[in-house]
Amino acid sequence: MSVSDKLLRKYAELIVRTGANVQAGQVVRLTASVEQYRFAELLTEECYKAGAKKVNVEWTSDALNRLNFTYADEEVLSEVLPWEEEKMKQVVKDLPCRIFIVSDDPDALSGIDPKKISNVSQRRNKVFKPYRNAIDGKHQWVIAAHPSEKWAQKVFPDAADAVDRLWDAILKTVRVTEDNDPVAEWKAHTDFIAKKAEWLNAQGFSFLEYKSSNGTDFRVELIPGARWEGAGIHNPLNGAFYIPNMPTEEIFTSPYAGRCEGTLVAVKPLSWNSQIIDGFSITFENGRAVSCKAEKGQELLEKMIKMDECACMLGEVALVPKESPVNQCGFLFYETLFDENACCHVALGEGFKEVLPGGDDMTVEQAQEHGINDSIIHVDFMVGADDLSIDGIRPDGSRAPIFQNGTWV
Ligand code: ZN
């Protein structure tokens, strides 16, 4: 591996200090693949240097997961064991800083019955959802990436230096180089995003209108008073500013669930439950996805929007200029963390109650009454065509262009 130890440490430090912003005395819960044990060690060390009280590591494995899905029954896999729930109860109690390192093989579960995969995740998510709701908006967390051999091979098939190339791309998108100061670069980057979000919030748009020559023709209503957010969030319990996604380029809000019309055409493939949906469009009526067409993964897409009653409604709209470093890489990462930062996107499923004034303290039901969608899924798909235009429409009917030709006006 050609990535230097110095660079790895710099990246680990950035994740811990700027991303999760681990505070003295906090418990950290780190999730990483068994293949990334070296990076997990570096992260653990950085967490302790930042003052963490205890770092607990949750190991994952694509290979073991595949074996489970190949050999074990759906019933068995769907069952959440008492100790798994006890773990979540402890998380609710500790409110640890959570660091997730993704490195998954996008094809890890290819060939496995998609129904089995979605049924298992549906049933397990149902049990975990109340715990997730209980910690939502009350702890710091960050998702960052580390290449794996299989993931790199998927992105750069047949390349002998696939892992190195994926490392280069990842480090470019998270603004880490041998001799820069990534912390300062992230400060400038998050300041720019905050300024754009502030402008959007001052406009108070009630509708967004999307148009593109690929067939996208779509109008969505926004929730009065709901905020546009981006890059970082403050943990309301201790004030720590953290950045949930590294990289991040988006400014997002939750639209009014059940209030949109028209068709959105995806501009990039979507990797969902380790499988690919490609060449697709979704048409909405009265805020609900009523039809979808996919060249690849039609059955999977249909299953996705029927995962529960509200999976067919939107939980997120996000603005990302086409100049984003992820888009400049010019290839698909087969990983939402990156691909959703390539261009404008929307997400089906769960919305973000924290965009509502006082949303952090609302129950899911209260947030739903204000228009925030709730679902066991949250799936982003890209609609940011090179010629995409987005207009904002104010309550008095006046308009302002927000995006033209895929970027900020
Ligand atoms: Zn997003």
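Predicted model, so just to flag it, every value in this text is computed and none were measured. One is the number of the first residue; the rest follow in order along the sequence.
- Closest heavy-atom contact between N56 and K54: OD1-NZ, 2.9 Å.
- Partners of D387 by side-chain contact (heavy atoms from CB on, under 4.5 Å), not counting sequence neighbours, listed by chain and number: S212, S213, A385, N405.
- Classification of the W199-F205 ring pair by plane angle, with boundaries at 30° and 60°, yields perpendicular.
- Listed by first and then second residue, the ring pair (Phe, Tyr, Trp, His ring centres under 6.0 Å) pairs involving residues 110-131 amount to none (not counting sequence neighbours).
- Residues forming a side-chain contact (heavy atoms from CB on, under 4.5 Å) with F207 (at least two apart in sequence, or on another chain): R219, E221, I393.
- Contacts of R288 classified as side-chain contact (heavy atoms from CB on, under 4.5 Å), with partners at least two apart in sequence or in another chain: E309, C312, M313.
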From CA spacing to verdict: salt bridge (charged side-chain N to carboxylate O under 4.0 Å, His left out), R38, E41: CA-CA 5 Å; R38 171 66 186 145; E41 276 176 29; 3.4 Å; yes
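- The minimum heavy-atom distance between I223 and P255, with the atom names listed, is CD1-O, 3.7 Å.
- Side-chain N or O atoms of D217 include none that pairs as donor or acceptor with a backbone N or O of G262 at under 3.5 Å.
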Given S103 and Q36, is the side chain to side chain donor-acceptor pair (under 3.5 Å) satisfied, shown in steps? CA-CA 8 Å; S103 60; Q36 269 65 66; 2.7 Å; yes
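- Heavy atoms from other residues, nucleotides or ligands lying under 6.0 Å from CZ of R227 number 12 at most.
- Around the NZ atom of K49, the shell of radius 6.0 Å holds more than 12 heavy atoms that belong to other residues, nucleotides or ligands.
- N238 pairs in a side chain to side chain donor-acceptor pair (under 3.5 Å) with only one of the listed residues (H139, Q140, Q23), which is Q140.
- Few gaps surround CD on E323; more than 12 heavy atoms of other groups in view lie less than 6.0 Å from it.
- Within 6.0 Å of OH on Y37 lie no more than 12 heavy atoms contributed by other residues, nucleotides or ligands.
- Remark: V34 engages W59, S61 in a side-chain contact (heavy atoms from CB on, under 4.5 Å) (not counting sequence neighbours).
- Scored by the ring pair (Phe, Tyr, Trp, His ring centres under 6.0 Å) test, H189 finds W186 as partners (sequence neighbours excluded).
- Using the six-membered ring where Trp is involved, H378 and F352 have ring planes that are tilted, between 30° and 60° apart.
- Counting heavy-atom neighbours within 6.0 Å of K53 NZ, excluding the residue itself, gives a total of 12 or less.
- Ring planes of F156 and F331: perpendicular class, angle over 60° (limits at 30 and 60°).
- Within the structure, salt bridge (Lys or Arg N to Asp or Glu O under 4.0 Å) pairs that include any residue of residues 175-185 comprise K6-E178, R175-E249 (at least two apart or interchain).
- Residues passing the side-chain hydrogen bond (donor to acceptor under 3.5 Å, both in side chains) test with K150, sequence neighbours excluded: none.
- Contact detail for L337 and M246: the closest heavy-atom pair is CD2-O, 3.7 Å.
- I305 and A289 make their closest contact through CD1-CB, 4.1 Å (heavy atoms, listed as atom of the first residue, atom of the second, distance).
- Note on ring orientation: taking the six-membered ring where Trp is involved, the planes of F100 and W141 are perpendicular (angle over 60°, cut-offs 30° and 60°).
- Within the 4.5 Å cutoff, the side chain of T248 has heavy atoms near those of the E250 side chain.
- Residues passing the ring pair (Phe, Tyr, Trp, His ring centres under 6.0 Å) test with F69, sequence neighbours excluded: none.
- Residues forming a ring pair (Phe, Tyr, Trp, His ring centres under 6.0 Å) with F280 (at least two apart in sequence, or on another chain): F381.
- The side-chain hydrogen bond (donor to acceptor under 3.5 Å, both in side chains) check on K138 picks up nothing, with sequence neighbours excluded.
- At least one donor-acceptor pair closer than 3.5 Å links the side chain of D339 to the backbone N or O of F333.
- Residue pairs that meet the salt bridge (Lys or Arg N to Asp or Glu O under 4.0 Å) test with at least one member in residues 89-113, sequence neighbours left out, are E86-K89, D107-K154.
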